[in-house]
Every structure is written in structure tokens, then in C-alpha cells.
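Reading through the C-alpha cells given below for one structure.
Worth knowing before you read on, the calculation uses all heavy atoms, side chains too, and leaves out hydrogens, waters and symmetry mates. A, B, ... follow the sequence lines: proteins, then strands. Residue 1 opens every chain.
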2 protein chains.
Amino acid sequence: MNFEETLKTALHEKGLRLTPQRQVVLEVMLNLGGQHYTADQVYEIVKAKSDDISLATIYRTLELFVEMNILRKFDSGDGIGRYEIDPQNSEHYHHHLICLQCGKITEFKDDLLDDLEEVIAQKAGFRIADHCLRFFGYCQECDKNSKKM
Amino acid sequence: MNFEETLKTALHEKGLRLTPQRQVVLEVMLNLGGQHYTADQVYEIVKAKSDDISLATIYRTLELFVEMNILRKFDSGDGIGRYEIDPQNSEHYHHHLICLQCGKITEFKDDLLDDLEEVIAQKAGFRIADHCLRFFGYCQECDKNSKKM
DNA sequence: CTTAGTGCAAAACCTTTGCAACTCT
DNA sequence: AGAGTTGCAAAGGTTTTGCACTAAG
């Protein structure tokens with residue numbers, strides 16, 4: 001069963017429907033390299049493909065997918081929401097490396113936080129469901145360029 | 001030399017001034033238990049103390065303090081900026097535990113990320129300047145309550 | 001048919017900005 | 001006087017919402 005079928009079933013269980021708009025958004029999020037997009041970026045990409053969608057629907061669809069744990073929402077520190085395929089649904093956890101110069105966001109796969117989560121659960125009595133780790137700094141390119149100057 | 005004197009000197013070095021508004025904001029951020037506040041929360045607290053301040057100035061002051069590394073800005077996932085005394089200026093790094101039920105934000109001190117930062121710097125060629133780690137889950141209280149039901 | 005989903009435009013919301021008045025040195 | 005700072009109101013940008021219409025099942 002492919003992802004779309006799974007989605008359809010999951011939606012039906014909640015009495016929701018699989019519309020063309022939801023299909024396209026899913027497709028975009030799945031196919032474009034597991035990247036992270038703002039609602040507006042998704043809107044632009046989707047519009048180019050089918051044109052028959054509104055920004056409001058993009059927002060509604062993205063938030064729906066987040067609730068269904070298909071997508072994950074995070075922000076790179078600028079207050080603008082970014083969405084990506086939930087790492088748990090695809091591969092391993094990953095963290096974000098955000099370049100303070102050019103704004104590029106790259107990913108870094110790692111499982112090292114598992115130990116830390118256990119420590120926190122015990123010490124702080126906090127049951128962890130999820131985490132978000134971002135590193136701010138300078139990517140290789142920008143670092144090189146700054147040394148040239 | 002206390003924090004206010006240090007601030008005054010740091011401001012003067014940049015040709016900036018220590019105004020009553022900046023003093024009050026610093027005071028609030030220093031004294032209210034090292035908590036994290038939204039601009040609006042700071043505004044409400046400061047207004048109660050002196051009334052002679054505008055929300056625009058709160059924003060300008062908070063951003064100024066962030067640039068001076070006195071404050072640190074982060075977000076708890078809702079797209080609203082939160083400010084707190086920079087951990088580097090006070091104690092150790094800490095991470096945030098955000099309760100998905102009641103929204104309460106608590107802190108967890110830890111230095112364990114240093115190793116990870118080194119690994120990333122080498123593997124990804126990324127020079128790290130800062131990081132932000134947040135855990136989402138359920139605090140002791142909310143966890144108890146949910147088990148009662 | 002029934003009810004969920006959509007597009008549109010307006011609203012809500014947080015944050016930034018232009019500008020004239022003000023203040024500290 | 002001169003430069004930084006402020007308050008106010010307006011503008012900016014992202015996200016949400018009300019409502020009439022459309023479409024999925």
C-alpha cells in the first residue's frame with residue numbers, strides 16, 4: 001500500500017476526504033526531496049502544477065497533515081512556519097543546520113539525543129514526545145567567503 | 001560592577017544611551033526569575049511598573065539586547081518570539097521542555113551537546129555559533145492528570 | 001443527499017517602520 | 001546643536017476565519 005492509499009484510509013477513519021488539493025500537497029511534500037517549505041513556497045509549487053488551489057487551503061492542509069503526523073512543523077527562528085515530511089515517517093531523526101549568513105537549511109542525521117531524553121524523563125519527570133534541535137552557524141561556503149574578505 | 005553599569009558601558013561604546021525604558025526592560029528580564037517572555041508579556045509587566053513605554057520600544061529594546069548578547073530569542077513553536085536572559089551571561093546552557101497540554105515551559109540544564117557540535121563541525125563542515133534544543137511532551141502534572149482520567 | 005472541503009476576501013495577529021517630538025550629552 | 005530614542009499610528013507579512021459555493025462519498 002503506497003503513501004496515498006494509507007492517507008486515504010487514515011482520512012476516512014476520521015470521516016475526512018481525500019481531495020485533489022490534499023493529494024497534490026502530499027505529492028509535493030513527498031517528492032521534492034524531503035525538503036522543508038513555508039506555506040507560501042508550497043503554494044507556489046502547487047499552483048504551478050495545478051493552479052486550482054488557494055493559500056488558505058494550503059494552510060489548512062498542512063496543519064491537517066501535521067495533526068496526522070504526516071508532516072512536521074518547525075521554524076528556523078524567523079517566525080515563519082516550515083513544513084517537512086515527518087522524519088519518523090521516513091527515515092531517522094535529523095536536526096537542522098541553519099546558516100546565519102545565507103539562510104540555507106541543511107540537515108544532519110543523528111540519534112544521539114535518545115540518551116539525553118532518558119535523563120530528562122528521569123530527572124525532570126517530563127514525558128518526552130518529540131524534540132527539535134537546531135544549530136545556528138555558518139555553512140562551509142559562507143565560512144570560506146568570509147575568510148577571503 | 002553590576003549588570004546595569006556593564007550595560008551602560010557597553011551601550012556607550014556603541015554611541016548608544018541607557019534610557020529609563022532600557023533600564024526597566026533590563027530590570028524586568030533580570031529579576032523575574034530568568035523566565036522567558038513574549039514582547040507583549042514584557043510590555044504588560046513594564047507598563048504596570050512605569051506606564052511610560054510603548055510596545056514598539058519594547059520590541060526595539062529586546063532586539064537591541066539580543067544583538068548585544070544580553071538576551072536570547074527563541075520560540076516555543078507557535079511563531080511568537082520569546083526572550084530570556086542569555087544563558088551564557090548567567091549560567092549554563094539550558095534547553096526547554098514545553099508541555100503540549102498546559103503550555104508550561106521549564107528548563108533543563110545540560111552541556112551534553114558540546115560533543116555533538118564537534119561531530120557536526122567535522123562531518124558537515126558547519127561552523128556552529130549557537131543552538132536551540134526544545135523537547136515537547138508532558139509535564140509531571142499533566143501526565144498525572146491524564147492517567148487519572 | 002449530506003456534510004466535508006474550498007476559494008475568496010476580510011480579519012486577526014505579531015512585528016516593523018516612518019516621522020515628528022523629545023532628551024540626553 | 002546634534003545624535004540617539006521615543007510614542008503613535010500606519011504598514012507589513014504571515015496565518016486564520018466567516019461564508020457561500022462546490023464536490024466527495
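With hydrogens and angles ignored, no donor-acceptor pair under 3.5 angstrom links the side chain of A:R60 to the base of D:dT16.
Checking each of A:E63, A:Q41, A:R72 against A:Y83 for a side chain to side chain donor-acceptor pair (under 3.5 Å) leaves exactly one that passes, namely A:E63. None of B:R22, B:M29, B:R60 except one satisfies the side-chain contact (heavy atoms from CB on, under 4.5 Å) rule with B:F65; the exception is B:R22.
When distances run from any side-chain atom of B:L16 to the nucleotides C:dC8, D:dT5, C:dA4, the shortest one goes to D:dT5. When the nucleotides C:dG5, D:dT15, D:dT16 are ranked by their closest atom to the side chain of A:R22, C:dG5 comes out on top. With distances taken from any side-chain atom of A:A56 to the nucleotides D:dG4, D:dT15, D:dT17, the minimum falls on D:dT17. If you check D:dT5, C:dT15, D:dG25 against the side chain of B:Y59, the one that comes closest is C:dT15. Comparing D:dG7, D:dG25, D:dT14 against the side chain of A:R17 picks out D:dG25 as the nearest.
As a whole-Å value, the separation of B:L55 CG from D:dA9 P is 13 Å. Atom-to-atom, CG of B:L11 to P of C:dT23 comes out at 19 Å; the value is rounded to the nearest Å. Atom CG in A:D78 sits roughly 9 Å away from atom P in D:dT15 (whole-Å rounding). Look at CG on A:L64: it is 13 Å from P on C:dA4, rounded to the nearest Å. The nearest whole Å value for the distance from the CZ atom in A:R82 to the C1' atom in D:dT14 is 12 Å. Between the CD1 atom of B:I53 and the P atom of D:dT5 there is a distance of 13 Å, rounded to whole Å. Summarising the geometry, the separation between NE2 on A:H12 and C1' on D:dG25 is reported as 7 Å, rounded to the nearest angstrom. Whole-Å rounding puts the B:K73 NZ to C:dC14 P distance at 14 Å.
When the side-chain nitrogen and oxygen atoms of B:T19 are compared with OP1 and OP2 of D:dG4, none of them lie within a distance under 4.0 Å. Residue B:T57 has a polar side-chain atom (N or O) positioned under 4.0 Å from OP1 or OP2 of D:dG7. At the phosphate of D:dA23, neither OP1 nor OP2 sits under 4.0 Å from any side-chain N or O atom of A:Q21.
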Applying side chain to side chain contact (heavy atoms under 4.5 Å, CB included) to A:E107 and A:H96, what does each step give before you reach the verdict?
CA-CA 5 Å; A:E107 288 168 8; A:H96 294 104; 4.0 Å; yes
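Using a 4.0 Å heavy-atom cutoff across all strands shown, A:D52 reaches sugar-phosphate atoms only and no base atom.
Nearest heavy-atom pair, B:K14 versus B:M68, reported as atom, atom and distance to 0.1 Å: NZ-CG, 3.9 Å.
Of the residues near DNA chain C, B:T38 and B:P20, the one whose nearest nucleotide (by heavy atom distance) lies more toward the 5' end is B:T38. Between B:K8 and B:D40, the residue anchored nearer the 5' end of DNA chain C, judged by the nucleotide with its closest heavy atom, is B:D40.
Heavy atoms from other residues, nucleotides or ligands lying under 6.0 Å from CD of B:E44 number more than 12.
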